[in-house]
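Right, one structure below, let's go through it.
The chains referred to below are lettered A, B, ... by the order of the sequence lines, with proteins before strands, and numbering in each begins at 1. Reckoned from all heavy atoms, side chains included, excluding hydrogens, waters and symmetry mates.
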Amino acid sequence: MPELPEVNTFKIYFEKTALRQRIKKTVVHDDKIFRNISGGDFEKKLTGRTFIDTYRRGKYMFGKLDNNKYVQFHFGMTCDFKYYSDIADKPRHERFVFIFENGFRLGFDCPRKFARINYIENLDEYIARINLGTDALEISEAEFLKKIKNKKGTLKGFLLNQKNIAGMGNLYVDETCYQCRIHPASRLDKIPLKKKKEIFDKMQNILQRALDERPHYKGYPPDWFWQWREEGKLAPDGKSKVEKTEVAGRTTYFAKGWQRLY
DNA sequence: TGTGATGTTGAATG
DNA sequence: GCATTCAACATCAC
């Protein structure tokens with residue numbers, strides 16, 4: 001499910017399928033996932049247009065239209081694109097679909113309707129308004145350290161907040177904490193600078209590797225690197241066991257003993 | 001049958 | 001202004 005690397009995979013999929021194809025018709029089946037526009041208006045705005053570029057920042061993907069406006073795709077927890085030509089392949093929870101002149105369709109499949117679709121007139125103004133942080137793979141160490149400085153709260157809460165850094169989700173946060181041997185509930189003001197730098201490095205390494213693997217939530221390899229995320233599983237020291245708890249309001253796995261609480 | 005799930009937001013509280 | 005907690009969103013899988 002979509003955190004930064006998964007959204008990047010959606011972006012690649014979108015580029016391979018929808019880019020530079022004129023939209024003959026747009027059909028909205030369900031208004032609910034649109035935030036700043038009605039389904040009817042979305043149909044009108046998108047019909048006859050062509051996507052000419054894409055941009056991703058954290059978990060947000062934007063499709064640039066040939067009139068220099070953008071469509072924001074946010075995939076919530078369960079959404080996905082599907083490109084198909086046979087109507088029998090229509091995804092079960094398709095909320096809207098672009099029908100291209102070649103007869104193929106790009107459907108937006110979204111079971112839980114947690115997605116957020118917006119029509120954006122001015123991208124820079126929009127990103128500034130929602131105060132979206134710098135992409136987790138783009139952010140520099142200096143900016144990361146500056147953001148984290150003078151903050152209290154938990155490490156996990158910080159990493160999950162998209163206004164700080166855009167792109168980290170529950171799984172990658174747990175993974176980063178595990179690899180850094182730090183408890184996700186550690187207080188930011190107690191973590192030494194050296195450790196913060198390590199967190200930054202590991203975060204980017206993990207995201208980059210995941211992105212290179214092009215993960216897709218329906219097709220994660222069975223030996224994927226977060227497989228330790230199970231209760232009772234052993235850490236590399238052979239004795240610390242993984243426990244399940246809640247940090248920053250989210251289900252959290254960590255290896256007690258292996259991961260130090262600051 | 002009940003419960004929780006890879007996300008975000010807004011309201012309420014401290 | 002911050003940090004935290006909670007509810008809401010809607011569906012599926014176990």
Which listed nucleotide ([options]) is nearest to the side chain of [X]?
{"X": "A/T251", "options": "C/dT4, B/dT6, C/dT11", "answer": "B/dT6"}
{"X": "A/K113", "options": "C/dA3, B/dT6, C/dT11", "answer": "C/dT11"}
{"X": "A/R250", "options": "C/dA10, B/dT6, C/dA3", "answer": "B/dT6"}
{"X": "A/L171", "options": "B/dT8, B/dT6, C/dT11", "answer": "B/dT6"}

Salt bridge check: are [X] and [Y] linked by an N-O gap of less than 4.0 Å?
{"X": "A/D66", "Y": "A/R49", "result": "yes"}
{"X": "A/D30", "Y": "A/R95", "result": "yes"}
{"X": "A/E15", "Y": "A/K11", "result": "yes"}
{"X": "A/E143", "Y": "A/K146", "result": "no"}

Original post:
For C/dA10, which nucleotide is its Watson-Crick or G-U wobble mate, given both distances must be under 3.5 Å?
Top reply: none
To the nearest Å, how far apart are [X] [atom1] and [N] [atom2]?
{"X": "A/K59", "N": "B/dT8", "atom1": "NZ", "atom2": "C1'", "result": "9 Å"}
{"X": "A/E246", "N": "C/dT5", "atom1": "CD", "atom2": "P", "result": "8 Å"}
{"X": "A/L160", "N": "B/dT6", "atom1": "CG", "atom2": "C1'", "result": "11 Å"}
{"X": "A/H74", "N": "B/dG7", "atom1": "NE2", "atom2": "P", "result": "8 Å"}
{"X": "A/F158", "N": "C/dA3", "atom1": "CZ", "atom2": "P", "result": "10 Å"}
{"X": "A/K163", "N": "B/dG7", "atom1": "NZ", "atom2": "C1'", "result": "12 Å"}
{"X": "A/N164", "N": "C/dC2", "atom1": "CG", "atom2": "C1'", "result": "12 Å"}
{"X": "A/N161", "N": "B/dT8", "atom1": "CG", "atom2": "P", "result": "10 Å"}

Original post:
A/F114 on top of B/dT8's base, within under 5.5 Å and under 30°?
Top reply: no
Taking only the side-chain nitrogens and oxygens of [X], find out if one of them lies under 4.0 Å from OP1 or OP2 of [N].
{"X": "A/Q162", "N": "B/dG7", "answer": "no"}
{"X": "A/R92", "N": "C/dC12", "answer": "yes"}
{"X": "A/K244", "N": "B/dA5", "answer": "yes"}
{"X": "A/K151", "N": "C/dC2", "answer": "no"}
{"X": "A/R35", "N": "B/dG10", "answer": "no"}

Subject >> Test item: side-chain donor near acceptor, A/K24 and A/N102, under 3.5 Å >> reply: no
Original post:
Between C/dA10 and B/dT1, how far is it from one P atom to the other, in whole Å?
Top reply: 23 Å
Subject >> C1' gap between C/dT4 and B/dT6, integer Å >> reply: 22 Å
Original post:
Which one of A/Q259, A/M203, A/K202 satisfies the side chain to side chain contact (heavy atoms under 4.5 Å, CB included) criterion with A/C177?
Top reply: A/Q259
**OP:** Describe the nucleic acid contact of A/G249 in one word from base, sugar-phosphate, nothing, applying a heavy-atom distance below 4.0 Å.
**Re:** nothing
